[in-house]
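Please read all numbers here as calculations on a predicted model, not as lab measurements.
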Amino acid sequence: MSNKPDLELALIQTTLVWHDPAANREHFQALLEQARGADLVILPEMFSTGFSMDSADLAEPEGGPSSIWLREQAQRIDAVICGSLIIQAADGSYRNRLLWACPDGSLAHYDKRHLFRMAGEHKHYSAGDQQVVFDLKGWRVRPLICYDLRFPVWSRDASGIDLLLYTANWPGARRQHWNRLLPARAIENLCYVAAVNRVGEDGKGHGYTGDSQVLDFQGEELLMAGDGDGVFRTQLSSEALNAYRERFPAHLDADVFTLN
């Protein structure tokens, strides 16, 4: 198992301006300047609008203003930048879509699989049905979005994922669930976990307490943002990950299954 270079992460945990993509892009642009030097910068879920069910009014087309902006910012700071926003796909459906913007100008995506029915998300968006793996300097990275965290089968790694990445608008009312489920995903998958939430209050009056964090393969905290507002950085060690997997190869006894 070859060692990859260490990976520098920058998590941006901050408030969001309700239903105002231009204001949010301006706000994040200043924060992205502080993230220079990172390999991967992670923004919250629906970073351009807040977590909204007004998909028909707020959706941007594929290749719309926020997509163009993400690509420009990735090139400007020479880092991969990811976060989700409301997209109207080519087939006309509305998606809670994570975009993965690379410094070379390329753009890939993951569509949220599990839609949060308690807020009616399943009535306003179409679910994705594809697991996605991105390669970043030899690291295998799987993106997931918020409610996906509650479903371990969808998060389960059967192919050597190095980093599970969750971007979220996870409300403070269920803060304990967030802080307990994230270590579980790290431990059961023998991988790093990076999770970015927002802070502040949205247009519906829901409060968000942050707790963006990075965990190692034993569920130990490498970074905890608490309720802070800003850019939080840490580094992942490929050598430490490989050594642990060799010392404790529980993945060799994992159940084999397929997803429908």
Review point. Which is it for D211 and M224 under the side chain to side chain contact (heavy atoms under 4.5 Å, CB included) test, yes or no, and what are the steps along the way?
Key: CA-CA 6 Å; D211 291 334; M224 172 57 79; 3.9 Å; yes
Review point. Should F47 and T14 be marked as a side chain to side chain contact (heavy atoms under 4.5 Å, CB included) after you check the CA-CA gap, both sets of side-chain angles, and the distance that decides it?
Key: CA-CA 10 Å; F47 70 86; T14 189; over 6 Å; no
Exercise for review: Heavy atoms only: give me the nearest A74-A101 pair and the separation to one decimal.
Suggested key: CB-O, 3.6 Å
**Study point:** Donor-acceptor contact below 3.5 Å, side chain Q13 vs main chain G228
**Key:** yes
Check your understanding: Is the shortest distance from a Lys or Arg side-chain nitrogen in K112 or D148 to a carboxylate oxygen in the other one below 4.0 Å?
Key -> no
Review point. Below 4.0 angstrom, N of the basic side chain to O of the carboxylate: do R233 and E8 qualify?
Key: yes
Practice item. Starting from the C-alpha separation in whole Å, work towards a yes-or-no answer on side chain to side chain contact (heavy atoms under 4.5 Å, CB included) for Q75 and D104. Key: CA-CA 7 Å; Q75 292 173 307; D104 65 4; over 6 Å; no
**Study point:** Straight-line distance of S155 OG to L164 CG, nearest 0.5 Å
**Key:** 6.0 Å
**Study point:** Inter-residue atom distance R156.CZ - I161.CD1, 0.5 Å rounding
**Key:** 11.5 Å
Exercise for review: Show your reasoning for whether salt bridge (Lys or Arg N to Asp or Glu O under 4.0 Å) applies to R113 and E121.
Suggested key: CA-CA 11 Å; R113 163 76 164 184; E121 190 178 11; over 6 Å; no
**Study point:** Path from I81 to V141 over hydrophobic side-chain contacts below 4.5 Å
**Key:** no
Review point. When rounded to the nearest 0.5 angstrom, what is the spacing between CH2 in W100 and CG in L70?
Key: 12.0 Å
Review point. If you group Ile, Leu, Val, Met, Phe, Trp and Tyr by side-chain heavy-atom gaps below 4.5 Å, do L223 and L163 land in one group?
Key: yes
Point to revise | Rounded distance (nearest 0.5 Å) linking atom CZ of R185 with atom CZ of R150 | key: 10.0 Å
Practice item. Please test D6 against L236 for side chain to side chain contact (heavy atoms under 4.5 Å, CB included), starting from the C-alpha separation and ending with a verdict. Key: CA-CA 5 Å; D6 289 351; L236 308 185; over 6 Å; no
Study note, to complete from the structure: Heavy atoms of H114 and W154 approach each other most closely as CE1-CB, 3.4 Å
**Study point:** ILVMFWY cluster, L241 and L40 together (side-chain gap under 4.5 Å)
**Key:** yes
Review point. For the residue pair C191 and R245, what are the closest heavy atoms and their distance?
Key: CB-NH2, 3.7 Å
Exercise for review: Measure from the ring center of Y94 to the ring center of Y125 and say whether it is less than 6.0 Å.
Suggested key: no
Exercise for review: Compare all side-chain heavy atoms of S52 with those of W18 and state whether any distance is below 4.5 angstrom.
Suggested key: yes
Check your understanding: Do F257 and V153 have side chains that get closer than 4.5 Å, going by heavy atoms?
Key -> yes
Exercise for review: Answer yes or no: does atom CZ of F248 have more than 12 heavy-atom neighbours from other residues, nucleotides or ligands under 6.0 Å?
Suggested key: no
Check your understanding: Are any of the side-chain heavy atoms of T49 and N24 separated by less than 4.5 Å?
Key -> no
**Study point:** V196, L98, N96 screened by side chain to side chain contact (heavy atoms under 4.5 Å, CB included) with E45, the one that passes
**Key:** N96
Check your understanding: Are W139 and F134 side-chain neighbours, meaning at least one heavy-atom pair lies under 4.5 Å?
Key -> no
**Study point:** Cluster check Y147, I86: I/L/V/M/F/W/Y, side chain < 4.5 angstrom
**Key:** yes
Review point. Within the distance-only criterion (no hydrogens, no angle test), does the side chain of R198 pair as donor or acceptor with the backbone N or O of Y208 below 3.5 angstrom?
Key: no
Review point. How close do L85 and S66 get, heavy atom to heavy atom, and via which atoms?
Key: CD1-CB, 3.4 Å
Practice item. For G120 and M53, work out which heavy atoms get closest and say how close. Key: C-SD, 3.9 Å
Check your understanding: What about L215 and Y244, same hydrophobic cluster or not, with Ile/Leu/Val/Met/Phe/Trp/Tyr joined at side-chain heavy-atom distances under 4.5 Å?
Key -> yes
Check your understanding: To the nearest 0.5 Å, what is the distance between CG (L115) and OG (S126)?
Key -> 8.0 Å
**Study point:** Lys/Arg-Asp/Glu bridge criterion (N-O < 4.0 Å) met for R140, D135
**Key:** no
Point to revise | Name of the residue among H109, R95, R97 meeting side-chain hydrogen bond (donor to acceptor under 3.5 Å, both in side chains) with E62 | key: R97
Check your understanding: Hey, is the main chain of M46 close enough, under 3.5 Å, to the side chain of S84 for a donor-acceptor pair?
Key -> yes
Point to revise | Polar contact flag, side-chain donor to acceptor under 3.5 angstrom, Q73-Q29 | key: yes
Review point. Hey, does the side chain of D54 reach the backbone of D57 with a donor-acceptor pair shorter than 3.5 angstrom?
Key: no
Exercise for review: Give a yes or no answer on whether the side chain of R142 reaches the backbone of D162 with a donor-acceptor pair at less than 3.5 Å.
Suggested key: no
**Study point:** N169 vs L16 side-chain heavy atoms within contact, under 4.5 Å
**Key:** yes
Check your understanding: Any side-chain heavy atom of V199 within less than 4.5 Å of one from T209?
Key -> no
Practice item. Measure the CG-CG distance between D129 and L259 for me, rounded to the nearest 0.5 Å. Key: 11.0 Å
Check your understanding: Any side-chain heavy atom of C146 within less than 4.5 Å of one from W178?
Key -> no
Point to revise | Check ion pair K4-E239 (N to O, under 4.0 angstrom) | key: no
Practice item. Please tell me if the side chains of V231 and L11 come closer than 4.5 Å, counting only heavy atoms from C-beta onward. Key: no
Study note, to complete from the structure: Looking only at heavy atoms, the pair that brings N197 and W170 closest together is OD1-N, 2.7 Å
